[in-house]
Every structure is written in structure tokens, then in C-alpha cells.
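Each chain gets a letter, A, B and so on, in the order its sequence line appears, and its residues count up from 1.
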Protein chains: 2
Amino acid sequence: MRADARDNRDRILAAAREAFADDGDVSMNQVARRAGVGAGTLYRNYPTREALVLAVYRQEVEQLVEAVPALLAEQPPLDALRSWTVDLVDAMRRKHGLGDALSATAHQAMAEQSYGPVIGAITALLEAGQREGVVRADADPRDFLQLTGALWRAASGPEDRSPQMLELILDGLTARP
Amino acid sequence: MRADARDNRDRILAAAREAFADDGDVSMNQVARRAGVGAGTLYRNYPTREALVLAVYRQEVEQLVEAVPALLAEQPPLDALRSWTVDLVDAMRRKHGLGDALSATAHQAMAEQSYGPVIGAITALLEAGQREGVVRADADPRDFLQLTGALWRAASGPEDRSPQMLELILDGLTARP
DNA sequence: GACCGTAGTGGAGAGTTCTCCACTTATCAA
DNA sequence: TTGATAAGTGGAGAACTCTCCACTACGGTC
């Protein structure tokens, strides 16, 4: 990769980070202008808005993913899953566009490739529960991420119903004797 | 309302119905052109794409709503809820844009006003279950519609995981002794 | 240092959403 | 029948997304 290209890529990411921090609905054009590049350059580096959003919040998401082992060490699996999910939904709500980007990729190939880490985190949480026999055997991490999208949408509405919905989902995940 | 205005309104609806039947991603401009009206007229009648979509599929949705009493007469509440939901998700998948429109309105005031019927149908199904003590008391119809949105997204992916997700949700809805 | 192939660029352009307001016209009272 | 008038119209316009390709300039080679 050419040095100037890498420079542009970095400038775009920096500009996007600033712009998203200021306000959620920033146009791709605005990001490009702010970074001092043409629209073409922006789109070559980040082909979709989602790709850009995921790149911007990569660190935040990584932190969430890395927190999993500690959670599992401290709490029973279902409690760990509950508090992790609350944090995830919270991040989706605070970081504009992240909820859309994450739940859009839940059942796509893209998710496996670029956002495997999140799926990996959910897998670890579910498997811990399965090992203890408290989570049903057919629980699927992509399904859970998709449901998390619904949670986030509910949390963003006028009346936050996400706690109740989360309890319902966890209840549905629980293994029955 | 002026007669010519009503005429235009009807022509727009007819044009939209045709256009949506042909293909899901039709631009608002195309609908306007097809109906022979200006963009302004289209937007005055249907302020958002969602509003137009809901108007176009009103009958389909009404049929779904009206089917509830028969379902409840034939089957136990949870089975009725299951089969009704399968039909709803199926409609969301076949009728382009309906899934987005419905799940977007799940927790908004708009839903109560213009799509109360769907909420009403879900309420009837849930209450039947509650009366028999098989559905948890704190189940909320808007939450359920929101979860249905996730189901639809999952059903539209490469691998249809919606049956498993539906079982999980129904399991979560079940009242525990 | 000069050369050249190719990776990389920017912005014009086609298409979109949605708003605004100068104009047109249906309707009702006289 | 005829105005008056408020309801209704259309399309120009501003801003957007995303693509395409004529150009520019980086960096390995001599």
C-alpha cells in the first residue's frame, strides 16, 4: 500500500471519528470534505457507511469483546451474558450508527469476516452456559446478535422496554429440564 | 377534502401498489411520475415512505388481523400465536418494505394511531394466553412486534433461522410455575 | 536523478429524498 | 353565473449516495 493512500485512510478515519462524536447524522460527503479527500477516495476505503462506522468504533467494540473472560470469571454464565448485553446495547445507543451496523451484519458473511469478534464473544458466553447446562443447546450467537438489534431499537424508543425484553430473551435461552 | 385531491390520492396509491408489486426498490420519484403527480403531492399525502407502504398493504395486514379470532377458536393460545406470527413474518418477507415499516413503528406513537390494529391483534393473542395462565403476565405487544422485526430480518438472511428464533421467543413468553 | 507503470485520486454526473412556494382550480355564497 | 378564497398543485432546488474514469504522482529500476 502506498504511503499517501495510508495517510488518506487515516485522515478519513480521524475525520469520521470527530464528525460522529459531534453528531450522529453526518453525510458521507461531509466526512469526505472534512478529511479533505474526494468522495471516490472515501468509498474506495470504506465501501459502505456501515464499514466506516464499524471502523470508527472498532476499539470500543474490542474492549467489549475483551471484557468477556473477566465477566465469566466473576459471575454465573447467564448473569455474565445479561450484563454484557446491557453494555452492548448501551454502546449501540451511545455510538450513533453502531446499532444499525451491527444488527445489519448479524446474519451476513460480512459479520463472520469483519465482525467475527462480536460473534466470538457471544459464542463464548453461550458456550459457558451450555457447559453448565443452563443455556439450551441450540442457542445460536447470530440469532442472539439479531435479537440484540431489537433490544437496541426498543431502548432507543420513547420508553425504554429493553430490560423487560432482555429478561424475556434470557428466559427463552434457558435450558429446560 | 376536494374531489381532485382525493382522485390524486387514489391514483398515487394505485401507482404505488403496481410499482411495489413489480419490484421492491422503487423510488418515491418513480411512484410520483407513475401516478402523474408532482413530488410535492406525493409527500403531502404520504409524508414518509413508511406511510405509503403501510397504506399500500393495509388490506393484507387487515386480513391478518381479522384472522386472529378464528385461530384462537381452533388452537391453544400459544399455537395460535405461533402460526399467526409465521404468517406475519411471511407477509413481511413477501411484501417489500412492510417489515421495515412495521418494525420501525413498533415503539412509536405512529404505531398506536395508524397501526393499532396489529398491536390489537397481538394483544388479543397474548391476553388469551394470559387468561389460560400460559403466557407471562408482563408480556407487552409492542415488545413482541419489535421482536418480530428481528425475526423478519433473520428470515431474510441467507439461512432462515426464524423458526428457531420464534421458538426461543415463545419459550421466553411462557409463564413459569 | 530521470523514467515509467500503475496505484491512487477527485470531482462531475446520474439518481435519490424531501421542502418550499408561486401558481392553478374546485367549491360555495351571493 | 360569477367571483373570492382557501385548498391543492408541480417542479425547481438543495442536499444526499454512490460510480466512473481522465488524470496525477509514488516508488522501484536503471
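A:Y46 places its OH atom 18 Å from the C1' atom of D:dT17, with the value rounded to the nearest Å. Residue B:L42 contributes atom CG, which lies 13 Å from atom C1' of C:dT16 at whole-angstrom precision. Nucleotide D:dA25 holds its P atom 13 Å from the CG atom of A:N8, rounded to whole Å. In this entry the distance linking CZ of B:R6 with P of D:dA7 reads 16 Å, nearest Å. Distance CG (A:N45) to P (C:dA7): 15 Å, rounded to an integer number of Å. Taking atom CE on B:M28 and atom P on D:dG10, their separation rounds to 15 Å, with Å as the unit. Following rounding to the nearest Å, A:D7 (CG) and D:dA25 (P) show an atom-to-atom distance of 15 Å. For the pair B:D4 CG and D:dT9 P, the computed distance is 6 Å after rounding to whole Å.
Heavy atoms of A:A32 sit nowhere under 4.0 angstrom from any nucleic acid atom. Heavy atoms of A:N29 sit under 4.0 angstrom from at least one base atom.
Using a 4.5 Å cut-off on side-chain heavy atoms (C-beta onward), B:I119 and B:L145 make contact. Residues B:D171 and A:R136 are in side-chain contact: their nearest non-hydrogen atoms beyond the backbone lie under 4.5 Å apart.
Listed candidates were C:dT16, D:dG8, D:dG27. Nearest to the side chain of B:R33 is C:dT16. Between D:dT17, D:dG8, C:dT27, one nucleotide has an atom nearer to the side chain of B:M1 than all others, and that is D:dG8. For B:Y43, counting side-chain heavy atoms from C-beta on, the closest listed nucleotide (D:dC16, D:dG8, C:dC18) is C:dC18. The side chain of A:A5 sits closest to C:dT9 out of D:dC16, C:dT19, C:dT9. The B:R44 side chain lies nearest to D:dG10 when the options are D:dG10, D:dT17, D:dG27.
Residue B:R2 places no side-chain atom within donor-acceptor reach of the base of C:dA26, judged by atom type and a 3.5 Å distance cut-off alone.
A cation-pi arrangement is absent between B:R17 and B:Y57 under the rule of less than 6.0 angstrom and at most 45 degrees off the ring axis.
In this model, the phosphate group of C:dG8 is not approached by any side-chain N or O of A:T41 to a distance below 4.0 Å at OP1 or OP2. An OP1 or OP2 oxygen of C:dG15 is reached within less than 4.0 angstrom by no side-chain nitrogen or oxygen of B:Q30.
The 5' end of DNA chain C is approached more closely, in terms of each residue's nearest nucleotide, by A:G38 than by the other of B:A39 and A:G38.
No donor-acceptor pair under 3.5 Å is formed between the side chain of A:D160 and the backbone N or O of A:S156. A side-chain donor-acceptor contact under 3.5 Å links B:Q30 to the backbone of B:S27.
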